Amino acid sequence: MRATQFFISTQKEAPIDAELISHKLMIRAGLIKKLGNGLYSWMPLGLRVLRKVENIVRDEMNKAGALELLMPAVQPKELWDETGRWAVFGPQMLKIKDRHERDYCFGPTHEEVITDIVRREINSYKQLPINLYQIQTKFRDEIRPRFGVMRAREFLMKDAYSFHTSFESLENTYQDMHQAYSNVFTRLGLKFRAVKADSGAIGGDGSQEFHVLADSGEDALAYCENSDYAANVELAEALPEGKIRGASSATIQDVETPKQTQCEDVAKLLGISVTQTVKAIALVASEKFYLALLRGDHNLNEVKTGKVLGDFRFATEEEIRANINCPPGFIGPVGVNQNVTVIADKTVALMSDFVCGANKPKYHLSGVNFGRDLPEPSVVADLRNVVEGDSSPDGKGKLSLCRGIEVGHIFQLRTKYAKAMNATYLDENGQSQVLEMGCYGIGVSRIVGAAIEQGSDEKGIIFPKSMAPFELVICPIGMDKSEQVKKIAFELYENCKKNGIDVLLDDRGERPGVMFAESDLIGIPHRIVVGERGLAEGKVEYKARTSSEAHNLLLNEVTSFIQSKINA
RNA sequence: CGGGGCGUAGCGCAGCCUGGUAGCGUACUAGUCUGGGGGACUAGUGGUCGCAGGUUCGAAUCCUGCCGUCCCGACCA
């Protein structure tokens with residue numbers, strides 16, 4: 001591609017509303033343009049990157065035996081009523097009406113549509129298993145779109161759906177998809193990790209997420225250094241230390257804590273470890289008032305808590321005062337009335353001689369013990385987020401934490417959708433059976449942002465070679481002054497093209513600084529500079545995007561050298 | 001949806017408090033000089049100051065409402 005026949009529109013300054021480095025650089029490099037909240041146009045340069053990602057995803061899906069199809073983006077309400085998800089998805093689904101006032105949505109996902117296709121077309125066990133996928137635009141009316149294409153409302157997704165006669169068959173395909181996903185992210189050149197995950201609104205039984213590792217990621221991940229255990233913190237099991245509660249030795253007493261409302265401050269005042277304190281979090285679920293007990297240094301895990309209480313919310317200050325007659329900051333589980341249900345994290349349940357709120361302003365209690373000073377908690381469950389150093393649930397060491405960007409998610413849906421939509425087949429015995437189902441998503445457009453989070457420097461984007469918009473840029477210097485430079489640059493360009501190199505010839509006649517700054521900004525991995533200086537010796541200059549040093553190449557070795565770099 | 005901020009040229013901003021000629025940087029156009037890391041100079045193009053009301057002789061500026069957008073909390077590829 002010649003730059004004069006292409007469209008490059010870089011900016012020196014990033015828009016003020018861009019927070020993440022990837023968002024800033026994608027705007028500055030002119031890969032995307034914002035149209036509205038969570039809506040982005042992919043400019044020709046950005047689309048080249050997106051297509052490269054898409055093609056790798058497609059290739060690996062095909063290799064794994066999945067079949068590509070394309071379903072409508074707009075879907076009728078009736079299908080969603082069959083599974084009850086018209087209501088469940090709620091405002092996240094963009095609902096629209098046609099001219100006849102019929103209800104439709106712009107598809108946020110396609111379980112219903114694919115299940116409808118399969119129940120009509122698949123009748124026999126002989127046709128199974130089958131794995132169908134598409135790469136298509138989705139729309140989810142996110143509560144808070146942000147970070148450019150990382151959390152856009154409209155985005156490009158690869159979604160695959162498999163159907164089976166047995167759970168065993170589903171597990172096989174699930175493993176195949178797991179491998180295919182690993183292949184995709186490896187080929188893309190990304191540092192990633194597969195983790196156990198919560199299934200969320202999609203539902204089903206087992207699920208795993210694939211995360212690109214980045215400090216800016218929105219998800220916290222826990223993993224074990226000594227084993228392959230890894231899970232989203234939403235799900236990662238938090239084990240208590242030890243198995244039995246220590247004996248009580250202290251007597252319960254009031255301690256004055258005039259200003260200390262947080263466990264850390266109380267611990268500091270008393271000169272004890274924060275791990276000897278217990279915090280009580282007031283929650284309301286189904287109109288009932290709960291106190292959730294956590295160790296002072298632990299945090300409530302809302303996904304886990306939701307599994308215990310169902311839909312819940314934090315209590316308001318008024319509700320707290322009404323139920324325990326005490327302002328927040330000094331509340332605790334001792335001496336509460338019958339309206340209050342105390343639930344405890346597993347770690348708390350094993351604590352003895354602990355410190356907690358006294359249910360009167362400016363006081364805490366120390367030396368508190370279950371069974372003696374207050375009843376055993378009504379429920380003991382895993383309610384907290386794991387922290388660095390917790391024991392790994394597989395018993396093989398300690399957990400570490402890192403952050404990730406979710407770029408893929410695979411689910412074993414089992415019969416959730418097939419049952420709701422009556423998707424059946426006839427087995428070998430002529431019996432009607434419900435289909436087993438799996439589904440597998442990759443956020444194609446998100447991957448571009450995630451890759452930039454992993455690869456950039458002060459000059460701009462450092463794309464992995466798999467996704468760079470061009471593999472090579474040729475920068476002729478003083479092209480309009482030197483016929484020789486121009487001639488050689490064009491010859492090199494033609495030669496590279498002939499050899500299958502994805503090359504950009506910067507024939508705009510820009511000054512060298514501009515060409516260098518822009519090609520670095522957009523992340524082209526390899527650069528050849530053609531100038532009179534080098535040509536006098538029959539040489540051109542090569543520099544890698546990631547290297548600070550350049551070196552000379554003989555003209556006749558350029559294409560083979562670049563090819564070796566690209567294939568390395 | 002709750003809390004906070006911001007809407008002035010493609011992008012980044014000043015002007016608003018104290019009402020009276022709409023400005024700066026960058027980008028863009030033309031020319032000259034330049035020519036190995038976003039170069040210099042000169043001359044230009046480009047804005048119904050988010051929208052609608054109101055106050056006023058006069059509103060980017062003051063008041064009211066609406067809309068958009070961003071940040072902090074609950075969703076997801």
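Convention: sequence-line order gives letters A, B, ...; per-chain numbering from 1. Treat the numbers as computed from the prediction; the structure is a model and nothing was measured.
- Within the nucleic acid shown, A/Arg313 has no heavy atom closer than 4.0 Å to any nucleic acid atom.
- Contact annotation for A/Gly513: backbone-only contact, meaning every heavy-atom pair under 4.0 Å involves sugar-phosphate atoms and none involves a base.
- With ring centers used as reference points, A/His409 lies 6.0 Å or more from A/Tyr440.
- Of the candidate nucleotides B/G39, B/A77, B/C72, B/C72 has the atom lying nearest to any side-chain atom of A/Arg146.
- Within the nucleic acid shown, A/Ala450 has no heavy atom closer than 4.0 Å to any nucleic acid atom.
- The residue A/Glu302 sits close only to the backbone: its heavy atoms come under 4.0 Å of sugar-phosphate atoms, none of a base.
- The residue A/Thr10 sits close to a base: some heavy atom pair falls under 4.0 Å.
- Aromatic ring centres of A/Tyr290 and A/Phe312 lie farther apart than the 6.0 Å criterion allows.
- When heavy atoms are screened at a 4.0 angstrom cut-off, A/Asp159 is found touching no nucleic acid atom at all.
- Using a 4.0 Å heavy-atom criterion, one finds that A/Lys543 contacts the bases of the nucleic acid, with or without backbone contacts as well.
- Side chain A/Asn37 to base B/G68: no donor-acceptor pair is found below 3.5 Å.
- Across all strands, A/Glu209 comes closer than 4.0 Å to no nucleic acid atom at all (heavy-atom distances).
- Looking at heavy-atom distances under 4.0 Å, A/Asp480 makes no contact with the nucleic acid at all.
- In this structure, A/Arg527 reaches the bases: a heavy-atom distance under 4.0 Å links it to at least one base atom across the strands shown.
- For A/Glu406, taking side-chain heavy atoms from C-beta onward, the closest of the listed nucleotides B/C76, B/U34, B/G38 is B/C76.
- Ring pair A/Phe192/A/Phe185 is tilted by interplanar angle, where 30° to 60° counts as tilted.
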